[in-house]
Asker: 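The structure that follows is given in the form of structure tokens.
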Number of protein chains: 2
Amino acid sequence: MSGQSARSVTTRQYPCDKCPLRPLPTFRAFEKQELLFVSTFKKGELAVDRGATVLVEGSHSAHLYTILSGWAFRYKLLPDGRRQILNYSMPGDLIGLQGSLMGEMQHSVEALSPMLLCVFEREQLHELYRNHPGLAYDITWMASREERMLDENLLSIGRRTALERTAYLVAFISSRARGAGLNGKTSVQIPITQQHIADTLGLSLVHTNKTIRKLIDRKLIAWRDGGCEVIDHDGLKDLARWEGLGEERRPLI
Amino acid sequence: MSGQSARSVTTRQYPCDKCPLRPLPTFRAFEKQELLFVSTFKKGELAVDRGATVLVEGSHSAHLYTILSGWAFRYKLLPDGRRQILNYSMPGDLIGLQGSLMGEMQHSVEALSPMLLCVFEREQLHELYRNHPGLAYDITWMASREERMLDENLLSIGRRTALERTAYLVAFISSRARGAGLNGKTSVQIPITQQHIADTLGLSLVHTNKTIRKLIDRKLIAWRDGGCEVIDHDGLKDLARWEGLGEERRPLI
DNA sequence: CGGCCGCTTGAAGCCGATCAAACCTCGTGG
DNA sequence: CCACGAGGTTTGATCGGCTTCAAGCGGCCG
């Protein structure tokens, strides 16, 4: 059973002023004052294993998180077990904001790889809004960004063919991964199984496999070491008729 | 051509202290100070016709809106014209927040009925965040609410059958309509065509029609006067395996 | 070595798409 | 007053993309 909620609070390895993410060109710089507040906002770090459930639908978590490293996905289930993956999360993304604002979580979050999370307390969100309007604005911005990604995913599932959808999804994830600073010298290894892709795109596993094979045959992607690798990013975007992500600088909390 | 951007600024009929929506039990009350600010935040009212395009993908609008009355829908298009409806909007909902926060609109908004909108200026959002943390929190809350609806819609399109999807959509819209105070003595008339439903659910028009017929035959809904009416709300929810909306009180700006 | 997980492949069948046509209502103009 | 056309709904027939069922393969780990 891989779904167990294995987790352990580690000692703090990354004080906010030595945040490994903030120096990246994708992220906006902090005001000194904001950095100070976030340092007190951060309550610790949480390490979770691959396959661990970080947050579970129906719960009322006292925490929200920023991903320091690793990948995760958000999903919902129907009563009979059908699963829909809603989106993926990677370094710099907030996890659990919906639950913090509105009370109960209405989706679950599972780690796709070992992860390191910054832990924040929901309770202090009000203080953040009261004293740090810039950060408050950033949080709304990030919520809007998530909304935008969901809009695009809806368009994809609703109106693109299986081949287009798959091309879109791989291009989308790899764009985001690059935006999160995950590009090694070569292209990114996306740590997902074909079942994840199927559950994201609303397809069956069998048909997903056959569709991925077409992308491989066209030399658009490769499937290696239990993960996906992009070979021809522009080819994927063309096939999916996708414009790509705006590459604006974004906030990090 | 019904897509023209017909619009006209009317004189202000509803000062914020006489807002027809706020007294409704669905909405949270304002602090006196918040009411004052929103009164200055509101720049006027905009009346649009049915079929008018309120906001268009790719534009940089200087405004955002709250719906005073009427219905609208958000949608995206693929280059070849395929349309995906993302969500519906009704009284009390914000329109154009994404665009205000992030610059460019990445979806369009079209009126489903004549509408009356409160007009706000994007520029003043920063002032709102600086001086009214409570309202800032409310805005984030509303963005999260939209995100939640999108999550549910994704689950629906990705993993529910055509019949379940249709049942879900109708139940969902009518729940929201009731939450927006649109329930007359009888049930709500939802002012949409079957083409809208098809474009929301990722189905063809023909199949949507046949699916709707099944719901009618089962006496779950009725189709009258070019609109949809719910007859058996619980029946729809059961069929869709849908839990329903949390009926929490929500903010209004 | 055996079992599990993830990937692959073939065959059969169905859900929903597409094609085609007709009908109804309503507004417009001759 | 009726002819006409447009938009929306309806229905039947055929097609095909995707699902489902079934089975086998390969690698990794206890």
Side-chain angles (χ1 to χ4, degrees), chain A residues 1-4 49-51 73 78 80-85 110 112-113 156-167 169-170 189-217 221-229 239, chain B residues 1-4 49-51 78 80-85 110 112-113 156-167 169-170 189-217 221-229:
Chain A
M1 175 72 194
S2 68
Q4 56 194 315
D49 296 334
R50 182 192 131 106
F73 64 96
L78 285 174
D80 61 6
R82 282 175 282 178
R83 178 175 75 168
Q84 177 64 38
I85 295 183
E110 182 178 320
L112 274 171
S113 70
S156 205
I157 298 192
R159 287 302 178 208
R160 280 193 250 246
T161 66
L163 191 64
E164 291 169 341
R165 269 183 237 190
T166 311
L169 179 64
V170 175
Q189 266 275 352
I190 305 174
I192 57 178
T193 67
Q194 300 189 356
Q195 184 68 64
H196 290 120
I197 294 192
D199 285 349
T200 309
L201 299 179
L203 298 170
S204 71
L205 175 58
V206 172
H207 194 66
T208 299
N209 177 274
K210 287 168 183 167
T211 305
I212 288 176
R213 183 122 305 278
K214 285 185 193 166
L215 294 180
I216 295 174
D217 291 344
I221 67 172
W223 202 270
R224 280 203 270 275
D225 307 330
C228 176
E229 217 169 278
L239 178 53
Chain B
M1 175 71 192
S2 69
Q4 56 194 315
D49 296 335
R50 182 193 129 108
L78 285 173
D80 61 5
R82 281 174 283 178
R83 178 175 76 169
Q84 177 65 38
I85 295 183
E110 182 178 322
L112 274 173
S113 70
S156 204
I157 299 192
R159 288 300 178 209
R160 281 193 249 246
T161 66
L163 191 64
E164 290 169 340
R165 272 183 235 191
T166 311
L169 180 64
V170 175
Q189 265 276 352
I190 305 173
I192 57 178
T193 68
Q194 299 189 357
Q195 184 69 65
H196 290 120
I197 295 192
D199 285 350
T200 309
L201 299 180
L203 299 171
S204 73
L205 176 57
V206 173
H207 194 66
T208 300
N209 177 273
K210 287 169 182 167
T211 306
I212 288 175
R213 185 121 304 278
K214 283 184 194 166
L215 294 180
I216 295 174
D217 291 345
I221 67 172
W223 201 270
R224 281 202 270 274
D225 306 331
C228 176
E229 216 168 278

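Below, read A as the first sequence line, B as the second, and so on, with proteins coming before strands; counting in each chain starts at 1. When reading the values below, keep in mind they use all heavy atoms of this one structure, side chains included, and skip hydrogens, waters and symmetry mates.
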Asker: At what distance, to the nearest 0.5 angstrom, does CD of E164(A) lie from CG of L169(A)?
Answerer: 13.5 Å

Asker: Can you pull every protein N or O that's under 3.5 Å from an N or O on nucleotides 23-26 of chain D?
Answerer:
none

Asker: Measuring from atom OG of S113(B) to atom CD1 of I192(B), what distance do you get when rounded to the nearest 0.5 angstrom?
Answerer: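 Interatomic distance, S113(B) OG to I192(B) CD1, rounded to 0.5 Å: 12.0 Å.
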
Asker: Side chains of residues 201-211 of chain B: which donor-acceptor partners sit under 3.5 Å, not counting sequence neighbours?
Answerer:
| unit_1 | atom_1 | unit_2 | atom_2 | d |
| --- | --- | --- | --- | --- |
| S204(B) | OG | H207(B) | N | 3.2 |
| T208(B) | OG1 | S204(B) | O | 2.7 |
| N209(B) | ND2 | Q194(B) | OE1 | 2.8 |
| T211(B) | OG1 | H207(B) | O | 2.7 |

Asker: Which atom pair, heavy atoms only, marks the closest approach of V170(A) to C228(A)?
Answerer: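 Closest approach of V170(A) to C228(A): CG1-SG, 3.8 Å.
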
Asker: Just the rounded figure in Å: distance from C1' of dT10(D) to CD1 of I197(B).
Answerer: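 In whole Å, dT10(D) C1' and I197(B) CD1 are 15 Å from each other.
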
Asker: Tell me, for nucleotides 7-25 of chain C in 5' to 3' order, what letter each nucleotide earns: B for a base near a protein heavy atom under 4.0 Å, S for only sugar-phosphate near one, - for neither?
Answerer: SBBBB----BSBB------

Asker: For the backbone of G51(B) and the side chain of D49(B), can you confirm whether one donor and one acceptor N or O come within less than 3.5 Å of each other?
Answerer: no

Asker: Donor-acceptor pair, E229(A) side chain versus W223(A) backbone, under 3.5 Å?
Answerer: no

Asker: Under a 3.5 Å distance rule, please check whether R159(A) uses its side chain to pair with a backbone N or O of R82(B) as donor and acceptor.
Answerer: no

Asker: Nearest whole angstrom, please: distance from the C1' of dG7(D) to the CG of L112(B).
Answerer: 16 Å

Asker: Please name the pair of heavy atoms, one in H196(A) and one in L112(A), separated by the smallest distance, quoted to 0.1 Å.
Answerer: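 Looking at all heavy atoms of both residues, the closest pair is CE1-CD2, 3.5 Å.
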
